[in-house]
Amino acid sequence: MPRFEPCHGKDACRDDGERCLTCGRPLSEIARLRAGIDELASLALDAGYENSEEYAAYIARKLLKTIHHRREQLS
């Protein structure tokens, strides 16, 4: 299973039209992740949450649980 390589920042990003040459991830994957993050941010702003740190921590906890659960279901 490959390891996730986080973005090194837009200034470091270079691509060949299909992959980022810095982190190695496909541009389609990067776009999906950005869209998901944008949707989560929009949800928080639309709801008017003041406690963004708590919201983000909740998302991180739930995401980890969901990933672990789905991996168990696959094996």
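Predicted model, so just to flag it, every value in this text is computed and none were measured.
- Leu63 and Leu40 sit in two unconnected hydrophobic clusters of ILVMFWY residues. Membership requires side-chain heavy atoms under 4.5 Å apart, directly or through other members.
- Residue His69 holds its NE2 atom at 9.5 Å from CG of Leu74, rounded to the nearest 0.5 Å.
- In this structure, Asp11 has no side chain to side chain donor-acceptor pair (under 3.5 Å) partners at least two apart in sequence or on a different chain.
- Across every non-hydrogen atom of Arg14 and Thr22, the tightest pair is N-OG1, 3.7 Å.
- A side-chain donor-acceptor contact under 3.5 Å links Asp16 to the backbone of Arg19.
- For Cys13 against Cys20, the heavy-atom pair with the smallest separation is SG-SG, 3.7 Å.
- To the nearest 0.5 Å, the span separating OH on Tyr55 from CG on Leu45 amounts to 9.0 Å.
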Could you pull out every donor-acceptor pair under 3.5 Å between side chains of residues 24-38 and any protein atom, sequence neighbours left out?
| residue | atom | partner | partner atom | Å |
| --- | --- | --- | --- | --- |
| Arg25 | NE | Glu5 | O | 3.0 |

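- Note that CD of Glu39 and CG of Asp46 are 8.5 Å apart. Values are rounded to the nearest 0.5 Å.
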